[in-house]
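In what follows, chains are A, B, ... by sequence order, proteins preceding strands, each numbered from 1.
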Number of protein chains: 2
Amino acid sequence: MSFDAMPRNGDGELPLDEGAVREFVGYNLKRAYMVLYPAAQAAVAELDLRIPTFSGLSVIVRNPGIAPSELAERLSMERSNIVVVIDELETRELVTRTKSKTDRRRFALTATMRGKRLLDKAVAAIRRSEERLLQRLTAEEQAKLVELLNKIEAASTD
Amino acid sequence: MSFDAMPRNGDGELPLDEGAVREFVGYNLKRAYMVLYPAAQAAVAELDLRIPTFSGLSVIVRNPGIAPSELAERLSMERSNIVVVIDELETRELVTRTKSKTDRRRFALTATMRGKRLLDKAVAAIRRSEERLLQRLTAEEQAKLVELLNKIEAASTD
DNA sequence: GATAATAGTTATTGACTATAACTATAATTC
DNA sequence: GAATTATAGTTATAGTCAATAACTATTATC
């Protein structure tokens, strides 16, 4: 059994149908992402960080000496775009960029003390933002969600 | 107990740490989205559709007579950006745009036969794409995932 | 009737992504 | 070991989508 869509009379009293998009996991994914992303953006903006810059910093802190190309791969970004991120991090003295001795094509990226401290603050800020927005999900649900998301991510190599 | 990050020697033999980003639901959301979105994009591209155009069409088909501003609201898009979508749909004769009689500021958008047929094809194409990429998830897992995503979306009004 | 609000439009900007072309170094192949 | 190929980083540029401001026409409100 199916219900035909009713023509709208322009007075806006009929509830809007969601459209076929709602059947897709991708659309639901995007809608949820569009809740968390702007919130995270606002959280790090207070520390004068953009999301890509924050992401770069977060990987460099945990991987002292990482090369830009490795960073790009890890974050699935183009090398050309990672350059801008690194420039920003270096200018703000959050990261140092030194020539590798074993391969002079490469740079070794290392977070400064200042970079580490700022990262800690940024992490805390995004945590607060997610805590607020994920209130309706239990810890188990959040874990389950991440597990399912990671299964999708893993499928990209299929 | 914590493990300090090991300095990298530049020979790339150490596995890269994920960085603090991975702790966030938002990051995992984005990574999964970045698997499904380009696939859906490629699927509808074969029908000469972009994702926003497809989304617009999908809502108009189910809501004959819908106004552009309602469409924008339903898809969480700016009115100014919806105009481009509608232009495209009208030019391709997938949708008709007629003045509302009760409120002459408004347009009434209605899908043509051609629009409905193209939507069916596009829906089928995205379905195939998602079926392939969501193979690792059971039907129950997919349902659970959407349920959790919708809880996040609902939190946007908090 | 004057004022404010809404619908649609246009132009423009910004953020992020993607591509191509280039230089330097290193790895390879003959 | 010289020539070729591949890799790392960079620059410039373009594309996509989202966001803002300013404008006109119409309707609603005071």
Using atom [atom1] of [X] as one end and atom [atom2] of [N] as the other, report the distance to the nearest whole Å.
{"X": "A:F107", "N": "D:dA8", "atom1": "CZ", "atom2": "C1'", "answer": "9 Å"}
{"X": "B:R106", "N": "D:dA28", "atom1": "CZ", "atom2": "P", "answer": "10 Å"}
{"X": "A:R104", "N": "D:dT7", "atom1": "CZ", "atom2": "P", "answer": "20 Å"}
{"X": "A:Q41", "N": "D:dA19", "atom1": "CD", "atom2": "C1'", "answer": "11 Å"}
{"X": "A:I66", "N": "D:dA8", "atom1": "CD1", "atom2": "C1'", "answer": "14 Å"}

- Message: Need two values: the first and the last nucleotide of DNA chain C, 5' to 3', having an atom under 4.0 Å from any heavy-atom of chain B.
- Response: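 Footprint of chain B along DNA chain C, 5' to 3': C:dA5 to C:dT17.
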- Query: Do A:V123 and A:F54 come within less than 4.5 Å of each other through their side chains, counting heavy atoms only?
  - Reply: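 Result yes, sub-4.5 Å side-chain heavy-atom pair found.
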- Message: Taking the side chain as everything from C-beta on, heavy atoms only, tell me whether B:L145 gets closer than 4.5 Å to A:L145.
- Response: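 In short, these two side chains touch, coming nearer than 4.5 Å.
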- Task: Any salt bridge (charged side-chain N to carboxylate O under 4.0 Å, His left out) involving residues 29-44 of chain B? Give me the pairs, sequence neighbours left out, ordered by first then second residue.
- Result: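 Checked against salt bridge (charged side-chain N to carboxylate O under 4.0 Å, His left out) - neighbours excluded - the pairs reaching residues 29-44 of chain B are A:E153-B:R31.
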- Task: Mind checking A:K99 for me? I need base, sugar-phosphate or nothing, with any heavy atom below 4.0 Å counting as a touch.
- Result: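 If one applies the 4.0 Å heavy-atom cut-off, A:K99 turns out to touch nothing in the nucleic acid.
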- 5'-most by nearest nucleotide on DNA chain C - A:K101 or B:P68: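 The residue mapped nearer the 5' terminus is B:P68.
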- DNA chain C: B:A108 or A:R50, which has the more 5' nearest nucleotide?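 Between the two, 5'-proximity favours B:A108.
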- Item | Candidate pair B:D87 and B:R97, rule salt bridge (charged side-chain N to carboxylate O under 4.0 Å, His left out), full reasoning | CA-CA 9 Å; B:D87 283 348; B:R97 164 157 53 181; 2.6 Å; yes
- Message: With side-chain contact (heavy atoms from CB on, under 4.5 Å) as the criterion, how do B:T110 and B:T98 come out once you've worked through the C-alpha distance, each side chain's angles and the decisive distance to 0.1 Å?
- Response: CA-CA 8 Å; B:T110 307; B:T98 61; 5.6 Å; no
- Message: So which atom in B:R79 and which in B:S69 form the shortest heavy-atom distance, rounded to 0.1 Å?
- Response: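 The answer is CD-CB, 3.7 Å.
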- Shortest non-hydrogen contact from B:V59 toward A:E18: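 It is CG2-O, 3.5 Å.
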- Message: With the threshold set at under 4.0 Å for non-hydrogen atoms, list the residues of residues 78-94 of chain A touching DNA chain C in residue-number order.
- Response: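 Close to the strand are A:E78, A:S80, A:N81.
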- Nearest-nucleotide wise, let me know which of B:M77 and A:S69 is further upstream toward the 5' end of DNA chain D.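 Nearer the 5' end of the strand: A:S69.
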- Take A:E141 and A:K144 through the salt bridge (charged side-chain N to carboxylate O under 4.0 Å, His left out) test and state the conclusion after the steps. CA-CA 5 Å; A:E141 285 178 323; A:K144 184 71 181 172; over 6 Å; no
- B:Y37 side-chain N/O to D:dC17 phosphate OP1/OP2 under 4.0 Å: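 Answer yes for this pair, as a side-chain N or O of B:Y37 is under 4.0 Å from OP1 or OP2.
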- Query: Between CG of B:L36 and CG of A:L149, what distance do you get to the nearest 0.5 Å?
  - Reply: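 One finds 9.5 Å between CG of B:L36 and CG of A:L149.
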